[in-house]
Enquirer: 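The structure is given below, and queries will be raised subsequently.
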Number of protein chains: 2
Amino acid sequence: MATARVESRRAATRATIIETAWEIARTQGWGRVGVREIAAHLEMAPSSLYGYFAGNDAIHDAMFIAGNHELSVRFESLPTDLDRRSMLIETARHFVAFCDEDPARFQLLFQHAVPGWEPSPDAYSSAVDNYEHMRSVMGRVGISDGPSLDLWTALTSGLASQQVANDHGGDRWLRLIETAVDMFLRREST
Amino acid sequence: MATARVESRRAATRATIIETAWEIARTQGWGRVGVREIAAHLEMAPSSLYGYFAGNDAIHDAMFIAGNHELSVRFESLPTDLDRRSMLIETARHFVAFCDEDPARFQLLFQHAVPGWEPSPDAYSSAVDNYEHMRSVMGRVGISDGPSLDLWTALTSGLASQQVANDHGGDRWLRLIETAVDMFLRREST
DNA sequence: GTCTATATTTGGATAGAC
DNA sequence: GTCTATCCAAATATAGAC
């Protein structure tokens, strides 16, 4: 049907807009991401974008949701039959690598570093979903008490933020993950 | 002399400008900090501020330097005769509390979250000074190898960012510091 | 020192023609 | 769907009078 073709064309254009916005965020920073700049890259009139997104905030929301979705896909790709230690190591490695491979995405998802924007409730729920998924994975290897989960999030988010901010593209904090996990696991043994 | 009085008056006005800027950052976010908004709070004309600061960036630089200076003062207030464990606990506590007591300052100093601004080389050196000081404190209690320092910065910055972002004003991560330090210290013992 | 007035830039967003 | 033409709102910064 024609409507289906039109719909898919529309989706493709939306995807192109988002991809262009990511490109700008990566190369010029979040301060430059806006309807005007995106339109310029696409050689479109800024007003044309409003046929695809309600406005600048809606574009950011779509990117936020896409970023969270990508993270959830990565986590689902992890094997589920690993032992405790390997599970934590792989989870942390995936997370830190995910953050470091795209600092712009890291800033959007985890650092609230986008001027004048915060996620809509709908977009925010995609972040909550990921947190819940992390909790269930941790629960599966026997870590479910609040303080342990909080210590784990502090540890992994600290490794990620240091890696991104001070050694992007390297492995200065990435290679500390085994040590960090062993340290974390030993904390509970008397 | 008149010049000295004039100088001190000038310094006082500069201080008032900075204090007003902090107030705006805390209550309205960094996106609203600018010469216009500051001037409005002070009931001055925006152009008058240029007699005290070269511009918006210079104001941010001054705040960045002041924030780092405040942190260094806090660290210098710590007792120096503590044992290893107490030293790490107190250092971490001071740091996390410092971050949490003013999220706006935390964002400026550690999260590069101010749209369109980054510290001048001169301002940046005040941050480097603090890092070097932290290194020397850690060295005094026998922690001086790179990986240990990196793990320590990841751990403390992770605790701080989680505390600020997810439990500002509370103690959900603050109270994990003893556990975290014990975990950190035990990591090196066989 | 401080003001008024203004230049300049940069955004988001809308109306209406085609 | 896309464009042109605007509108409107911020924001930095400067010129020049008082």
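Just so it is clear: chains get the letters A, B, ... in the order the sequence lines come, proteins before strands, and each one is counted from 1. All values derive from a computational prediction rather than experimental measurement.
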Enquirer: I'd like to know if the side chain of A:D61 pairs up with that of A:W117 as donor and acceptor (distance under 3.5 Å, no hydrogens or angles considered).
Expert: yes
Enquirer: Using whole Å, report how far CD1 of B:I38 lies from P of D:dA11.
Expert: 11 Å
Enquirer: Figure out the CZ/C1' separation between B:F53 and D:dT14, and round it to whole Å.
Expert: 19 Å
Enquirer: What I want to check is whether the side chains of B:D145 and B:S148 have a donor and an acceptor closer together than 3.5 Å.
Expert: yes
Enquirer: Give the rounded distance in Å between these two atoms: CG of B:D57 and P of D:dA11.
Expert: 15 Å
Enquirer: For the pair made of CE in B:M44 and P in C:dG1, what is the distance, rounded to whole Å?
Expert: 11 Å
Enquirer: For a quick test of reading the model: is some side-chain N or O of B:R32 closer than 4.0 Å to OP1 or OP2 of D:dA10?
Expert: no
Enquirer: For the side chain of B:V35, starting at C-beta, report the closest nucleotide among C:dC3, D:dC3, D:dT12.
Expert: D:dT12
Enquirer: Between A:S86 and A:D83, does any side-chain donor sit less than 3.5 Å from a side-chain acceptor?
Expert: yes
Enquirer: Under a 4.0 Å heavy-atom cut-off, which of residues 45-52 of chain B touch DNA chain D?
Expert: B:S47, B:Y50
Enquirer: What closest approach, in Å, do B:G51 and B:R10 show between heavy atoms, and which atom pair accounts for it?
Expert: O-NH1, 2.8 Å
Enquirer: Could you state the CG-P distance from B:N56 to D:dT12, rounded to the nearest angstrom?
Expert: 5 Å
Enquirer: Flag this pair as yes if the NZ/CZ of B:R105 is under 6.0 angstrom from the six-membered ring centre of B:F98 and inside a 45 degree cone about the axis; otherwise no.
Expert: yes
Enquirer: Take the protein atom CG of B:L42 and the nucleotide atom C1' of C:dC3, then report the distance between them rounded to whole Å.
Expert: 15 Å
Enquirer: To the nearest angstrom, how far is B:R36 atom CZ from D:dA13 atom P?
Expert: 12 Å
Enquirer: To the nearest angstrom, how far is A:E37 atom CD from C:dA13 atom P?
Expert: 16 Å
Enquirer: Between A:F106 and A:F95, is the ring centroid distance below 6.0 Å?
Expert: no
